[in-house]
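This structure is a prediction, so every number in the text was calculated from the model and none was measured. Nothing fancy with the numbering, it's 1 onward along the sequence. Every heavy atom of this structure was used, including side-chain atoms; hydrogens, water molecules and symmetry mates were not.
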Amino acid sequence: SKDKRLLLSDAGSVAYTDPGYLLFVRDGTLLAQRFDVKSLRTAGEPLSIVQQVGYEGSLQSSFSLSENGILTYRRPSSNKSKLVWFNREGKQLELVAVLDRFRNTFRLSPNEKMLAGDRIDPQTKQGDIWLFEFSRKIQSRFTIDPSFDYLPVWSPDGNRIVFANNRNGPMDLYMKALSSTGGDEALLKSDRNKAPTDWSRDGQFILYEMTDSKTGKKDLWVLPMGDHQPRPFLQSEFDERQGQFSPDGRWVAYSSDESGRYEVYVQSFPTPGGKWQISTSGGAEPNWRRDGKELFYLGTDHKLMAVEVKSGSKFETTAPQSLFETPIIMATSESNYSVSADGQRFLFNTILEETKPEPINIVVNWNAELPKN
């Protein structure tokens, strides 16, 4: 049916297991709560299974349950990372800062003086957008919301940020000015999850991903900043993600799994027409150089790739060239690196060498003492 019922509040990942329990993490504790699959209702108080379970990225809890009932989980890590500039040969140029609890998802401001990223409070698990100023080397909170804010995208003038927020359930698009001392502005609300990916250089269009309700795949949509009437840009039975406008606004680079693995493609904008495959052996996360004469992406082996672009009456590129193996530990599906305007430096947020990942714990027969009735 179309009826919706709230089962759990303030819960991370959820798994169902016999004999009729939901497993979820709340305040760092893995809990099990009785669940009736016929009435679709929970019953009783949740039972504590494991203390101190970590989170991976946003609200993805660090636990997993196999079909035969084996439980795995990971303890919280320190979440400290370092922000580093690299040159085209992969040589470390500058250690910008050691950051606390920044995820890999971050964006460099147009003037390259600030960084916007989503950060998670380890106690409340609340996600907010934070700013990092390079000159003063300080972090400051940009959004304050009991719900989850993530995936910041800068306006071309660097005065505003659009981001996703789930205060109404689905991820919707909101905007806030850097000079604002008040709240944010809702740009687009609907019953489907949305995630911003880019803002055109002329300020007229926001590109975002939206999940198709029938296929469950990601499509690319455009939100005009004039009439605010969204329209589809790329829709298919496959994923189209990570859309990036070319600096002249004539093209959109994106990744898609239409070939069976993710590759980087370019299509014309505003009307999809000509289509070019950029990567040859898998790729994702395209990023343009400021003058549009080069396009970068991450290969499947985490190597940073570059192609030269000739954009005249038609779109032409050279063969992809490998620059260096990036320091990414675990690539997300979002934004793992930023490129300087001249394409000579690359900013990565990576784990500290002295920070070791927590081991994965495996528990068999974990549910033996759960009440069966």
Side-chain angles (χ1 to χ4, degrees), residues 86 88 90 104-108 151 153 195-201 205 207-210 217-222 232-312 314-328 330-341 343 346-348:
F86 292 84
R88 294 177 70 97
N104 266 358
T105 307
F106 66 93
R107 295 292 180 92
L108 188 65
L151 291 180
V153 171
T197 63
D198 200 16
W199 200 324
S200 63
R201 302 304 185 272
F205 304 102
L207 198 60
Y208 65 97
E209 301 170 0
M210 186 162 67
K217 295 293 187 175
K218 303 286 187 180
D219 297 319
L220 285 177
W221 285 65
V222 175
F233 175 61
L234 294 176
Q235 284 182 302
S236 75
E237 57 186 305
F238 306 104
D239 273 333
E240 290 89 23
R241 313 192 64 178
Q242 304 166 338
Q244 295 289 301
F245 289 110
S246 63
D248 61 7
R250 297 179 57 198
W251 319 98
V252 168
Y254 64 98
S255 64
S256 172
D257 63 351
E258 64 179 73
S259 69
R261 65 181 177 189
Y262 279 98
E263 301 279 6
V264 174
Y265 300 85
V266 166
Q267 286 228 31
S268 58
F269 182 84
T271 303
K275 176 182 175 183
W276 297 265
Q277 181 174 330
I278 305 302
S279 59
T280 57
S281 302
E285 288 197 51
N287 269 301
W288 298 87
R289 200 168 78 186
R290 186 74 60 86
D291 60 9
K293 294 182 178 181
E294 203 168 17
L295 183 60
F296 306 95
Y297 67 90
L298 291 179
T300 53
D301 54 2
H302 292 179
K303 288 184 178 179
L304 185 64
M305 309 295 291
V307 296
E308 294 182 19
V309 176
K310 181 181 179 181
S311 178
K314 61 179 181 178
F315 189 85
E316 297 181 68
T317 65
T318 61
Q321 299 295 319
S322 175
L323 296 184
F324 63 92
E325 186 171 348
T326 68
I328 294 174
M330 180 184 294
T332 69
S333 59
E334 295 139 5
S335 175
N336 286 281
Y337 71 105
S338 286
V339 181
S340 64
F346 306 89
L347 190 64
F348 287 89

(request) Indicate yes or no: does Glu209 engage Arg241 in a salt bridge with an N to O separation below 4.0 Å. (result) yes

(message) Minimum heavy-atom separation for Asp239 and Asp257, please, with both atom names.
(response) N-OD1, 2.9 Å

(message) Between Glu263 and Arg261, does any side-chain N to carboxylate O distance fall below 4.0 Å?
(response) yes

(request) Could you check if a side-chain atom of Phe315 sits within less than 4.5 angstrom of a side-chain atom of Trp276, using non-hydrogen atoms only? (result) yes

(message) In the structure I gave you, are the side-chain heavy atoms of Leu234 and Asp219 within less than 4.5 Å of one another anywhere?
(response) no

(message) Is there a side chain to side chain contact (heavy atoms under 4.5 Å, CB included) between Val266 and Val252? Walk through the geometry before answering.
(response) CA-CA 5 Å; Val266 166; Val252 168; over 6 Å; no

(message) Can you tell me how far apart NZ (Lys218) and OG (Ser236) are? Round to the nearest 0.5 Å.
(response) 13.5 Å

(message) Between Gln244 (side chain only) and Ser246 (backbone N and O only), is there a donor and an acceptor less than 3.5 Å apart?
(response) no

(message) Whether the Asp198 and Tyr208 side chains hold a donor-acceptor pair (N or O, under 3.5 Å, no angle test) is what I'd like checked.
(response) no

(message) I need the full list of salt bridge (charged side-chain N to carboxylate O under 4.0 Å, His left out) pairs touching residues 272-281, with sequence neighbours left out, sorted by first then second residue.
(response) Glu258-Lys275

(message) Quick one, Ser256 and Tyr262 - any side-chain contact, counting heavy atoms below 4.5 Å?
(response) no

(request) May I ask you to test the Val309-Lys293 pair for a side-chain heavy-atom distance under 4.5 Å? (result) no

(message) As an exercise, state the distance from CZ of Phe296 to CZ of Arg289, rounded to the nearest 0.5 Å.
(response) 6.5 Å

(message) When you compare the side chain of Leu295 with that of Asn287, does any pair of heavy atoms fall below 4.5 Å?
(response) no

(request) Evaluate side chain to side chain contact (heavy atoms under 4.5 Å, CB included) for Gln267 paired with Tyr254, printing each intermediate quantity in order. (result) CA-CA 8 Å; Gln267 286 228 31; Tyr254 64 98; 3.4 Å; yes

(request) With the side chain counted from C-beta on, respond yes when Tyr337 and Thr326 share a heavy-atom pair under 4.5 Å apart, and no when they do not. (result) no

(request) Tell me yes or no: between the side chains of Ser255 and Gln242, is some donor less than 3.5 Å from an acceptor? (result) yes

(message) For Tyr297 versus Pro320, what's the shortest heavy-atom pair and its separation?
(response) OH-CB, 3.3 Å

(message) Could you walk me through whether Phe106 and Leu347 satisfy the side chain to side chain contact (heavy atoms under 4.5 Å, CB included) test, starting with their C-alpha distance in whole Å, then the side-chain angles of each, then the deciding distance to 0.1 Å, before giving a yes or no?
(response) CA-CA 10 Å; Phe106 66 93; Leu347 190 64; 4.0 Å; yes

(message) Measuring only between side-chain heavy atoms, which start at C-beta, is Trp251 closer than 4.5 Å to Trp288?
(response) yes

(message) Would you compute the distance between atom CZ of Phe324 and atom CZ of Phe346 and round it to the nearest 0.5 angstrom?
(response) 6.0 Å

(request) May I ask you to test the Pro286-Tyr265 pair for a side-chain heavy-atom distance under 4.5 Å? (result) no

(request) Please round to the nearest 0.5 Å and tell me the distance separating atom NZ of Lys303 and atom CG of Leu323. (result) 11.0 Å

(message) Determine whether a donor-acceptor pair (N or O, by modelled atom type, separation under 3.5 Å) exists between the side chain of Ser279 and the backbone of Val264.
(response) yes

(message) Please check this pair: side chain of Ser338 against backbone of Arg107, looking for a donor-acceptor N/O pair closer than 3.5 Å.
(response) no

(message) For a quick test of reading the model, state the closest non-hydrogen atom pair linking Pro247 to Asp291 and the distance between them.
(response) CG-C, 4.2 Å

(request) For side chain to side chain contact (heavy atoms under 4.5 Å, CB included), just list the numbers for Trp199 and Phe205, CA-CA rounded to whole Å, side-chain angles, deciding distance to a tenth of an Å, and then say yes or no. (result) CA-CA 6 Å; Trp199 200 324; Phe205 304 102; over 6 Å; no

(request) To the nearest 0.5 angstrom, please state how far the CD atom of Gln235 sits from the CG atom of Leu220. (result) 10.0 Å

(message) One pair to check against salt bridge (charged side-chain N to carboxylate O under 4.0 Å, His left out): Arg201 and Asp248. What are the steps and the verdict?
(response) CA-CA 7 Å; Arg201 302 304 185 272; Asp248 61 7; over 6 Å; no

(request) Starting at CD of Gln321, measure out to CD of Glu294 and round the result to the nearest 0.5 Å. (result) 10.0 Å

(request) Measure across Phe269 and Phe233 and return the closest heavy-atom pair with its distance rounded to 0.1 Å. (result) CD1-CE1, 3.6 Å

